[in-house]
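Heads up, the thing below is written out as structure tokens.
Below, chains carry the letters A, B, ... as their sequence lines are ordered, and counting in each starts from 1.
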Amino acid sequence: MTTIRLHDSRSRRKVELAPLDPANVRMYVCGPTVYDRAHLGNARPVVVFDTLFRLLRHVYGADHVTYVRNFTDVDDKINAAAQALKAAGDPRSLEALIAARSDETIGWYHEDMDALGALRPTQEPRATAFIAPMIAMIERLIARGHAYVAEGHVLFDVRSYPAYGALSGRSIDDMIAGARVEVAPYKRDPMDFVLWKPSGADLPGWDSPWGRGRPGWHIECSAMSHELLGASFDIHGGGIDLQFPHHENEIAQSCCAYPEGGFARIWMHNEMLLVEGRKMSKSLGNFFTVRDLLDRGVPGEVIRFAFLSTHYSKPMDWTAEKAAQARTSLIEFAEATTGAEAGDPHPDVIAALADDLNTPGAIKVLHDLRKADAKSDLLASLRLLGLMNVKTSADSLGWGPRTREEHDFALLIARRYADLRAGKDYAAADDLRDRAASVGLHLVVTKAMGGQGATAEFAGPFDLAAAREALE
RNA sequence: GGCGGGUUGGCGGAGAGGUUACGCACCGGAUUGCAAAUCCGUGAAGACCGGUUCGAUUCCGGUACCCGCCUCCA
């Protein structure tokens, strides 16, 4: 069996993945807060851990991997969005408005991540469906002396857990010296964080032993991973920006509630997506959504390939140039696999992925396979990476957001161009090509159909009515 | 201020203490009705300063610069 080695953020070294139960390899990845469209940065961990999920399924069997990714639907930004609707006169209850907003956002998320070729995780729990387990875990933490009640809040006592800070390599005292912690009079230690907080009448809340309130951010992942994966599991993933405090707090909660469990064995963190050299983030306002890109005609497959071309542990700058290169490579692979039946992924591709998900190394092998004309190995290898799973070329490489009519029209013109060339009426063919170019349709000869094929690509804005007039 | 990561050829981007990464672009050649594509080939690197070594871009130390976290974030 293939040995998978992964870089463990906690021990800061590459370790061999030795599943607790090879018949059920378990992975938890922090998912989105569902209040708006996912931005491109949100998509990076989705693609990274989807690739790992695919590798695990390949190695251990598709039915022997459990991948859990949560939806955070308890959040002040969602509350704010719902309150704004209510203030605008929406008659529905706050709870109904929040549920509607979450449902809508989850729908968008699925659409957009599907477009990137990401498989749906085995389970996608919503925080609101796990309030009872969260309350139970908080009670357990209080009972074990790791949490305390103060002014309607329940707080985790970081001093009660000596290993606090181990994941992110910092000490409580160092962090306090940094003096950027929230000061609250009811905290025993400035680093103590909220497990439960009170909700006023204008906020969603659940009854609890500490009154009506809502959970803090971190407890949901601890509670849901425990419910769905157990007290210990194999891999926990997320963006590096979650390493502190989110993951540190998860560890503290889970390990104090269930010290015999040990929680996640391997911690993986993907580096950030940059735009113009800066992290894409909500607070910087430099973000655009996956949907923006898809609507601009960048295929999801191109986005995925661009992500895979940089190792997950390195920051990646999103540029138009990178997208163009990804597209070029994908077109080559699409043409190289035309008509092929998928065989097995090439061992070198597996080996590259098994070495801490070395996707750039895997892409190098793809190029080797293409040059060797190993079609079936290449196709299977591409699919293992989540590429070429849909009909390729036209649909996946640029025509996606076009309407059916535009698509059909482009095919018609390409067909006509190919026919003219086949009839050696080059003057008419060239004329058609020039006129097509003038309305934004790029006609190119392809090797399909014995060298008699042609394809049409949309190059920028396209006006179907004007094109019809010019070409028919 | 504390902690963590990075710096590779024109650009993107890996591995490995000594033998071609790879892709894009460029250049030369082949092929082609024209465009494009394709094929073959050449060249080009590892921030800076020290150390270890027969040999370092690869290990160790330092310097500079960049980025991230410490505040919602993937």
Counting only side-chain N and O atoms of A:R370, is one of them less than 4.0 Å from OP1 or OP2 of B:rU38? no
For a quick check, tell me whether the side chain of A:R421 and the base of B:rG33 share a donor-acceptor pair closer than 3.5 Å. yes
Give a yes/no answer on whether the side chain of A:K322 brings an N or O atom under 4.0 Å of OP1 or OP2 in B:rG13. yes
Mind telling me if B:rG46 is syn or anti? Syn here is a glycosidic angle within 90° of 0. syn
So that I can tick it off, tell me whether A:K187 and A:D192 are bridged by a salt bridge, with the cut-off set at under 4.0 angstrom between side-chain N and carboxylate O. no
So which one's nearest nucleotide on RNA chain B is more toward 5', A:C30 or A:N358? A:N358
Would you measure the distance from the C1' atom in B:rG2 across to the matching atom in B:rA16 and give it in whole Å? 35 Å
Whole Å only: how far is the CH2 atom of A:W318 from the P atom of B:rG13? 13 Å
Indicate, with a heavy-atom threshold strictly under 4.0 Å, whether A:H269 touches base, sugar-phosphate, or nothing. nothing
Which whole-number value in Å describes the distance from A:N286 CG to B:rC67 C1'? 13 Å
If you check the A:R433 side chain, which of B:rA21, B:rA35, B:rA74 turns out closest? B:rA35
Hey, does A:Q243 reach any base, or is it just sugar-phosphate, or nothing, if we go heavy atoms under 4.0 Å? nothing
Candidate list A:L229, A:L56, A:D234, test side chain to side chain contact (heavy atoms under 4.5 Å, CB included), partner A:T66, passing option: A:L229
Quickly work out the A:K77 NZ to B:rA74 C1' distance and round it to whole Å. 12 Å
Please determine whether any donor N or O and acceptor N or O are separated by less than 3.5 Å between the side chain of A:R278 and the base of B:rC67. no
Nearest-nucleotide pick for A:H311, side chain only, options being B:rC67, B:rG2, B:rA14: B:rA14
I want to verify a distance call: between B:rC24, B:rA74, B:rC3, whose nearest atom is closest to the A:M280 side chain? B:rA74
What distance, rounded to whole Å, do you find between the two P atoms, one in B:rU57 and one in B:rC66? 25 Å
Regarding A:S11 and A:R13, do their side chains bring together a donor and an acceptor under 3.5 Å, going by distance alone? no
Can you check the distance between B:rG4 and B:rU63, where both ends of the measurement are the P atom (answer in whole Å)? 15 Å
Can you tell me whether the side chain of A:E321 and the base of B:rG12 have a donor-acceptor pair closer than 3.5 Å? no
Provide the distance between the two P atoms, one in B:rA74 and one in B:rC59, to the nearest whole Å. 34 Å
What integer number of Å spans the P atoms of B:rU58 and B:rG23? 25 Å
So, A:H110 versus A:F71, ring centres under 6.0 angstrom or not? yes
Any strand, both distances under 3.5 Å, Watson-Crick or G-U wobble: B:rU71 pairs with none
Touch check for A:F244, heavy atoms < 4.0 angstrom, all strands: base, sugar-phosphate only, or nothing? sugar-phosphate
Which part of the nucleic acid does A:R69 contact within heavy-atom distance under 4.0 Å: base, sugar-phosphate only, or nothing? nothing
Expressed as a whole number of Å, how far does the P atom of B:rC39 sit from that of B:rU52? 49 Å
In this structure, how many angstroms lie between the P atom of B:rG12 and the CZ atom of A:F305, rounded? 17 Å
Find the distance A:K279:NZ to B:rC69:P and express it as a whole number of Å. 4 Å
Integer-rounded Å distance: B:rG68 P and A:H247 NE2: 19 Å
Which one is paired to B:rG18, where only Watson-Crick or G-U wobble pairs with both distances under 3.5 angstrom count? B:rC54
Selection from B:rC22, B:rA74, B:rA14 that lies nearest to any side-chain heavy atom of A:L273: B:rA74
SB check A:E124 A:R69 (cutoff 4.0 Å): yes
Please determine if a side-chain N or O atom of A:K314 lies less than 4.0 Å away from the OP1 or OP2 oxygen of B:rA14. yes
So is A:R421 actually on top of A:Y426's ring, under 6.0 Å and inside 45° of the axis? no
Select base, sugar-phosphate, or nothing to describe what A:E248 touches, counting heavy atoms under 4.0 Å on all strands. nothing
Per nearest nucleotide of RNA chain B, the residue lying toward the 5' end, A:E271 or A:M316, is A:M316
Distance in angstrom units between A:R327 CZ and B:rA25 P, rounded: 14 Å
Pair assignment for B:rA36, Watson-Crick or G-U wobble, requiring both distances under 3.5 Å: none
If pairing requires Watson-Crick or G-U wobble contacts with both distances under 3.5 Å, which nucleotide is the partner of B:rC24? B:rG10
Could you check A:L385, A:L330, A:V46, A:D50 and say which one makes a side chain to side chain contact (heavy atoms under 4.5 Å, CB included) with A:R304? A:D50
Select one nucleotide: of B:rC24, B:rA14, B:rA74, the one nearest the side-chain heavy atoms of A:T328. B:rC24
If you measure from the C1' atom in B:rA44 to the same atom in B:rA25, how many Å do you get, rounded? 12 Å
Under 4.0 Å, counting only non-hydrogen atoms across every strand here, what does A:S281 touch: a base, just sugar-phosphate, or nothing? base
Separation of B:rU8 atom P from A:K364 atom NZ, nearest Å, is 22 Å
Can you see if the side chain of A:T310 gets near the phosphate of B:rG13 - specifically, an N or O under 4.0 Å from OP1 or OP2? yes
For B:rA45, what is the paired nucleotide under Watson-Crick or G-U wobble rules, both distances under 3.5 Å? none
Taking atom P in both B:rC27 and B:rC67, what distance in whole Å separates the two? 34 Å
Describe, in one word, how the ring planes of A:H218 and A:F193 are oriented to each other, choosing from parallel (under 30°), tilted (30 to 60°) and perpendicular (over 60°). perpendicular
Would one find a side-chain N or O of A:K371 under 4.0 angstrom from OP1 or OP2 of B:rG23? yes
Over all strands shown, is A:G41 touching base, sugar-phosphate only, or nothing at heavy-atom distances under 4.0 angstrom? base
Relative to each other, are the rings of A:F333 and A:H367 parallel, tilted or perpendicular (30° and 60° limits)? tilted
